[in-house]
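As the structure lists them, so they are numbered: ligands from 1, and atoms in each ligand from 1.
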Amino acid sequence: MDLAPLLKELPPTIQTAIDKASLKEYGRDWTRYYEPNPSAIVFPKSTDDAQKIIQWARRHKIALVPSGGRTGLSGAAVAKNLEVVVSFEKMNRILSFDEVNQCVTVEPGVITEELQNFAKEKGLYFPVDFASRGSSQIGGNVATNAGGIKVIKYGLIRNWVTSLKVVTGSGDVLELNKSLVKNATGYDLRQLFIGSEGTLGLVTEVTLKLTQAPKPANLFLLGVANLDAVMKVFATFRKACDVTAFELFTEKALGHVLSAFSELNRPFETVAPVYLLVEVETVNDESVQTALSAFESGMNDGLILDGVVSQNETQSKNFWRFREDITEALSKYTPYKNDISVTIANVPEFMSEIDRVFQIEYPDLEIIWFGHIGDGNLHISILKPFDLEMPEFVKRCQKVDALLYSTIQKFGGSISAEHGVGLSKKPFLHFTRSSAEVQFMRQIKKIFDPDSILNPGKIFDLTPL
Ligand code: MLT
Ligand code: ZN
């Protein structure tokens with residue numbers, strides 16, 4: 001279909017792009033195993049524009065892919081079938097701040113870090129935080145129900161969205177919840193849109209509550225003896241302190257970060273198989289002492305091999321880099337990513353079971369473990385050897401996925417903790433969601449998006465295979 005004359009039907013406020021470079025850039029996310037192939041990009045500037053785009057797409061049966069900072073890792077924002085990408089980067093204003101309610105209303109294209117800085121200027125805190133804070137956008141965070149490094153204390157973005165304005169796939173504009181704290185009037189449709197990966201509607205306004213500025217904290221970087229020791233250290237700290245982050249990475253992950261970023265040095269001489277970043281609130285001398293005692297007790301029990309505690313902000317930032325720079329350090333290997341979760345109590349047994357699977361299935365491939373282990377969430381990246389073709393590599397990883405996900409199913413876990421299903425996890429959705437659940441999701445999609453113009457083929461296919 002020649003799209004050029006159809007694009008002219010859109011109101012002049014909506015910019016469009018069809019040049020090759022833009023199509024490539026806007027047609028993909030951070031997954032690198034799909035060829036981007038959109039037919040155009042449209043840039044709404046308002047809810048009205050978004051509604052016009054939906055009406056236009058329905059008229060011409062054009063598939064739309066909503067797009068934010070394109071930092072997703074499951075292909076949910078990939079346009080590979082001539083879809084039109086709806087980029088929200090021109091809807092990037094902070095619209096209002098309500099001091100009494102401690103709420104901020106933003107357009108979807110606001111960058112996560114900008115919102116964090118805005119909250120800070122107001123003496124408050126927006127606690128949803130992760131490594132891609134500098135480029136991810138609030139709309140995308142809502143679409144994926146973003147998590148990150150502070151979930152252990154503050155929860156997912158779902159907990160912070162008080163109101164949403166959306167244009168559904170049917171073209172209706174809905175204002176969901178209107179920032180009420182209490183609202184017992186039937187189904188909370190707002191929650192349906194959070195985590196729906198752009199399959200139900202275009203989010204055009206988000207109201208988020210902010211919270212008190214975080215209390216002073218200490219950050220421990222610990223080398224631990226083995227995977228088994230991890231949750232024992234977690235229990236020790238959690239019993240004694242207010243833990244605000246509990247992150248894991250392995251020596252292999254650290255090795256990649258150190259070789260990618262020459263300005264960083266090994267945190268201590270001891271080489272440990274696994275490292276933990278443990279952030280705890282330390283409001284007074286007593287809580288500092290309690291945290292140090294937890295550390296000492298881990299050392300005495302032989303769980304912790306070595307460790308350091310940050311002495312200042314700069315040191316804390318550098319400690320975080322060991323964890324947060326892993327994704328960038330690995331990017332040249334175009335890793336195949338698993339993002340899985342089980343309940344915290346199941347973590348040790350689950351980890352040793354999947355470790356066994358990986359040793360058998362991937363004896364020749366390098367596997368990097370890291371993640372938000374205090375939430376039971378592991379990111380496992382399988383590095384592509386440079387001489388292996390991408391389709392072959394993905395095929396092989398997906399074969400192992402089936403084994404990995406059977407183990408997850410046995411533990412009642414999830415095939416995607418925070419990156420979402422998108423395209424890459426779609427074939428495996430049934431390991432976590434029952435066929436009845438998927439069928440209800442299909443029916444829900446049909447209600448909000450009767451012509452299936454919104455991100456078709458993401459999360460599930462409309463017709464079961
Ligand atoms: C992270 O926790 O660093 C992100 O989810 C990114 C990743 O898994 O690569
Ligand atoms: Zn993560």
Side-chain angles (χ1 to χ4, degrees), residues 28-33 68-78 112-113 116 127-137 140-158 195 197 221 230 244-250 252-257 260-261 264 274-279 317-342 344 347 351 354 366-384 397 401 404 413-422 424-425:
R28 65 181 187 178
D29 63 5
W30 276 6
T31 51
R32 287 293 185 254
Y33 20 95
R70 300 185 303 282
T71 56
L73 292 162
S74 68
V78 167
T112 312
E113 195 168 35
Q116 291 171 343
V128 178
D129 194 20
F130 34 77
S132 63
R133 63 181 74 79
S135 36
S136 62
Q137 297 176 5
N141 296 350
V142 169
T144 53
N145 188 20
I149 54 177
K150 296 293 167 83
V151 170
I152 193 169
K153 171 152 173 106
Y154 296 99
L156 301 155
I157 200 166
R158 189 183 290 291
E197 301 187 22
L221 177 51
V230 171
T244 49
F246 194 86
E247 297 284 317
L248 170 145
F249 54 94
T250 58
K252 278 189 189 169
L254 177 64
H256 280 286
V257 171
F261 303 100
L264 293 177
V274 183
Y275 299 88
L276 296 172
L277 262 184
V278 187
E279 190 183 75
K317 278 196 175 134
N318 278 335
F319 285 4
W320 272 114
R321 286 196 61 189
F322 295 128
R323 164 65 183 87
E324 294 201 316
D325 288 2
I326 298 172
T327 301
E328 201 180 322
L330 300 183
S331 61
K332 66 175 174 187
Y333 301 96
T334 48
Y336 183 86
K337 284 173 182 282
N338 283 116
D339 158 48
I340 54 184
S341 68
V342 290
I344 302 165
V347 166
M351 284 207 294
I354 57 169
E366 193 177 350
I367 303 171
I368 309 293
W369 299 51
F370 60 104
H372 319 283
I373 201 68
D375 309 323
N377 175 189
L378 270 171
H379 298 313
I380 302 173
S381 294
I382 297 109
L383 308 194
K384 186 180 89 57
C397 294
D401 274 355
L404 167 66
S414 175
I415 60 153
S416 177
E418 59 175 15
H419 296 167
V421 179
S424 60
K425 300 296 175 258

Glu324 touching ligand 1 at heavy-atom level, < 4.0 angstrom: no
Heavy-atom gap Trp30 to ligand 1 smaller than 4.0 Å: no
Give a yes or no on whether the backbone of [Y] and the side-chain of [X] come within a donor-acceptor separation of less than 3.5 Å.
X      : Y      : answer
Asp29  : Thr31  : yes
Ser424 : Ser74  : yes
Glu197 : Val421 : yes
Asp339 : Ala417 : yes
Asn145 : Arg158 : yes

Heavy-atom side-chain contact between His256 and Tyr333 under 4.5 Å: yes
Number the atoms of ligand 1 from 1 as they appear, then name those within less than 4.0 Å of a heavy atom of [X], with their elements.
X      : value
His372 : 2 (O)
His379 : 1 (C), 2 (O), 4 (C), 5 (O), 8 (O)
Glu418 : 2 (O), 5 (O)

Atoms of protein origin (N, O or S) under 2.8 Å from the Zn ion (ligand 2): His372 NE2, His379 NE2, Glu418 OE2
What protein heavy atom is closest to [atom], reported as residue, atom name and distance in Å?
atom                   : value
atom 8 (O) of ligand 1 : His419 CE1, 3.1 Å
atom 2 (O) of ligand 1 : Arg323 NH2, 2.7 Å
atom 6 (C) of ligand 1 : Thr327 OG1, 3.3 Å

His372 and His379 aromatic ring geometry - parallel, tilted or perpendicular at 30°/60° bounds: perpendicular
Lys425 to Tyr336 six-membered ring, cation-pi geometry met (6.0 Å, 45°): yes
Ring-face cation contact, Phe370 with Arg323, 6.0 Å cut, 45° max: no
ring-ring contact (aromatic ring centres under 6.0 Å, His included) between Phe322 and Tyr275, intermediate numbers included: CA-CA 10 Å; Phe322 295 128; Tyr275 299 88; 8.3 Å; no
Ligand 1-proximal atoms of Phe370, by part, heavy-atom distance under 4.0 Å: side chain
Structural part of Leu73 in contact with ligand 1, heavy atom criterion under 4.0 angstrom: side chain
Donor-acceptor pair between Ser136 and Thr112 side chains, under 3.5 angstrom: yes
